[in-house]
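All heavy atoms count here, side chains included; hydrogens, waters and symmetry mates do not. As the structure lists them, so they are numbered: ligands from 1, and atoms in each ligand from 1.
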Amino acid sequence: MSLVIVGSIALDTVETPFGKVNEVPGGSSIYASMASRYFCKTKIVGVVGEDYPTDILLLLNDNDICTQGVEFSKGKTFRWKGIYHDLKQAETLDTQLNVFADFDPQIPENYKNAEFVFLGNIDPALQLKVLDRMKNPKITACDSMNFWITGKKEKLINVIKRVDILFINEDELKMFTGEKNIYKAAEIMEIYNLKLLVIKLGEYGALALNKDLFFFTPVYPLKKVIDTTGAGDCFAGGFMGYLAGQGKFDEMTIRNAMVYGTIMASFNIQDFSIEGLKNITKQEIRDRKEKIKRSVFF
Ligand code: AMP
């Protein structure tokens with residue numbers, strides 16, 4: 001089954017303790033789609049400006065990602081600038097929405113029947129428009145970040161009320177609920193009737209929670225991490241890609257999706273931008289899965 005992803009398409013300038021890159025491919029939908037395409041047919045929705053390098057879109061197409069839903073608009077591409085002091089949390093130095101400021105997402109006809117939809121980190125007003133314009137997806141999920149939690153919380157709540165799965169990192173969950181204990185915070189989220197809450201715990205792993213499930217996955221252990229930008233998007237991309245590839249949302253599929261999400265994030269953080277996601281083999285994915293599996297077997 002196929003997966004439609006909406007999110008930012010960005011030119012990122014990022015500094016980490018291991019170096020600096022200028023105006024490289026980034027944005028939630030780029031990261032998520034480069035992760036999900038290993039598991040399912042992936043189609044993205046978004047907007048770029050006249051300055052966006054077309055070779056990035058060609059690279060996506062070469063990786064079997066459909067870009068028919070990407071609009072070229074007059075103006076400049078979305079830009080994000082961030083610095084990591086310790087690779088845990090980026091400090092945002094600059095966000096320029098540019099062409100995203102008045103983007104009205106048009107969904108191509110051949111996207112509308114997709115069974116799985118991932119609303120990547122972007123203005124929740126755009127996430128809502130995409131939801132409205134899809135026909136009848138089987139499973140929908142959304143992700144967000146502090147920028148929108150502080151800037152557009154009411155709209156974001158409207159998105160959360162309508163999706164099945166919410167991906168959120170620990171700090172954002174605490175910020176969103178005003179509660180410091182993650183399990184109490186998860187309880188507060190029950191009012192939104194999500195089918196699944198996925199809490200990302202950074203270098204420690206991720207938790208999936210609902211009334212029947214409490215599942216934790218550790219991370220794949222890496223001795224060198226270069227740049228964590230997009231880790232959350234790759235986690236969600238791997239997760240949603242696996243669900244769409246299997247066409248299911250049962251407990252075993254969710255448990256496996258958590259591990260595939262973790263694996264795709266681990267490849268991403270080994271290099272800047274989308275470099276770490278480019279040439280992953282099926283065998284490498286299997287090897288990482290085996291290692292994570294053994295780490296929790298007792
Ligand atoms: P992550 O590290 O998973 O939070 O994702 C980082 C990516 O999110 C970068 O490639 C940025 O271009 C993109 N990004 C940063 N700020 C925003 C924002 N306010 N809205 C949408 N995307 C953003």
Side-chain angles (χ1 to χ4, degrees), residues 5-16 21-36 44-49 52 56 60 76-84 86-101 103 105 118-127 130 141-153 155-156 159 166-173 175 198-203 206 219 225-240 261-262 264-277:
I5 297 177
V6 62
S8 50
I9 301 179
L11 293 173
D12 285 348
T13 296
V14 179
E15 187 173 349
T16 82
V21 285
N22 278 303
E23 307 222 321
V24 292
S28 52
S29 70
I30 299 297
Y31 279 112
S33 61
M34 283 295 284
S36 65
I44 63 170
V45 177
V47 63
V48 295
Y52 195 71
I56 305 174
L60 299 182
K76 289 175 86 179
T77 299
F78 177 99
R79 277 171 172 74
W80 177 74
K81 199 183 266 188
I83 182 164
Y84 292 83
D86 58 4
L87 281 171
K88 285 190 180 144
Q89 179 84 41
E91 180 193 339
T92 293
L93 300 176
D94 191 26
T95 303
Q96 292 172 23
L97 293 180
N98 296 331
V99 289
F100 265 103
F103 175 51
F118 174 54
L119 309 170
N121 174 30
I122 194 61
D123 186 333
L126 295 178
Q127 294 179 319
V130 171
C142 89
D143 190 7
S144 196
M145 71 179 290
N146 46 16
F147 187 87
W148 304 110
I149 296 173
T150 44
K152 291 212 175 172
K153 190 166 177 184
K155 272 263 179 306
L156 182 58
V159 180
L166 172 66
F167 295 98
I168 192 161
N169 76 34
E170 185 182 355
D171 291 338
E172 289 156 3
L173 177 68
M175 177 195 268
V198 178
I199 308 172
K200 297 168 286 176
L201 305 169
E203 64 185 316
V219 293
V225 174
I226 300 286
D227 174 16
T228 53
T229 309
D233 309 312
C234 290
F235 180 93
F239 184 107
M240 289 303 292
T262 301
M264 298 321 287
S266 75
F267 283 111
N268 174 51
I269 64 180
Q270 288 185 281
D271 210 336
F272 284 103
S273 184
I274 52 171
E275 290 305 310
L277 298 165

Counting each atom of ligand 1 from 1 as listed, which ones have a heavy atom of [X] under 4.0 Å away?
X      : result
Asp233 : 1 (P), 3 (O), 5 (O), 6 (C), 7 (C)
Ser8   : 13 (C), 21 (C), 22 (N), 23 (C)
Thr229 : 2 (O), 6 (C), 9 (C), 10 (O)
Phe147 : 19 (N)
Gly232 : 3 (O)

(message) Do Thr229 and Tyr84 pair up side chain to side chain, a donor and an acceptor below 3.5 Å, judged on atom types alone?
(response)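 Checked: Thr229/Tyr84 side chains pair up, N/O donor to acceptor below 3.5 Å.
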(message) Taking salt bridge (charged side-chain N to carboxylate O under 4.0 Å, His left out) as the definition, give me every residue that meets it alongside Lys152, ordered by chain and number, with sequence neighbours left out.
(response)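 With sequence neighbours excluded, Lys152 shows a salt bridge (charged side-chain N to carboxylate O under 4.0 Å, His left out) to Asp123, given in chain and number order.
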(message) Please compare Asp12, Asp123, Thr95 and report which has the shortest non-hydrogen distance to atom 12 (O) of ligand 1.
(response)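 Closest candidate by heavy-atom distance is Asp12.
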(request) Please work out which of Trp148, Trp80, Tyr31 has its closest non-hydrogen atom nearest to atom 18 (C) of ligand 1. (result)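 The residue whose heavy atom sits nearest atom 18 (C) of ligand 1 is Trp148.
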(request) Among all protein heavy atoms, pick out the one at the shortest distance from atom 23 (C) of ligand 1; state its residue, atom name and that distance to 0.1 Å. (result)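 Answer, as residue, atom name and distance: Asn121 ND2, 3.4 Å.
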(request) Looking only at protein heavy atoms, identify the closest one to atom 1 (P) of ligand 1 and say how far it is in Å. (result)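 The protein heavy atom lying closest is Gly230 N, 3.5 Å.
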(request) May I ask you to test the Trp80-Asp94 pair for a side-chain heavy-atom distance under 4.5 Å? (result)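 No - every pair of side-chain heavy atoms lies 4.5 Å or more apart.
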(request) Determine yes or no for a side-chain-to-main-chain donor-acceptor pair under 3.5 angstrom, with Thr77 supplying the side chain and Leu11 the backbone. (result)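 Judged by distance alone, no pair lies under 3.5 Å.
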(request) Return each pair, listed once, that meets salt bridge (charged side-chain N to carboxylate O under 4.0 Å, His left out) where at least one residue sits in residues 227-236; pairs must be two or more places apart or across chains. (result)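 Matches after skipping sequence neighbours: none remain.
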(message) At under 4.0 Å between heavy atoms, is it the side chain or the backbone of Ala231 that contacts ligand 1, or both, or neither?
(response)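 Backbone only.
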(request) Specify whether the nearest protein heavy atom to atom 4 (O) of ligand 1 is under 4.0 angstrom away. (result)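 Looking at atom 4 (O) of ligand 1, one finds that no protein heavy atom lies closer than 4.0 Å.
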(message) Testing the basics here: between Gly120 and Ser28, what is the closest heavy-atom pair and its distance to 0.1 Å?
(response)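 In terms of heavy atoms, the two residues are closest at C-OG, 3.9 Å.
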(request) Can you measure from OG (Ser8) to CZ (Phe103) and round to the nearest 0.5 angstrom? (result)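 Reported value, rounded in 0.5 Å steps: 11.5 Å.
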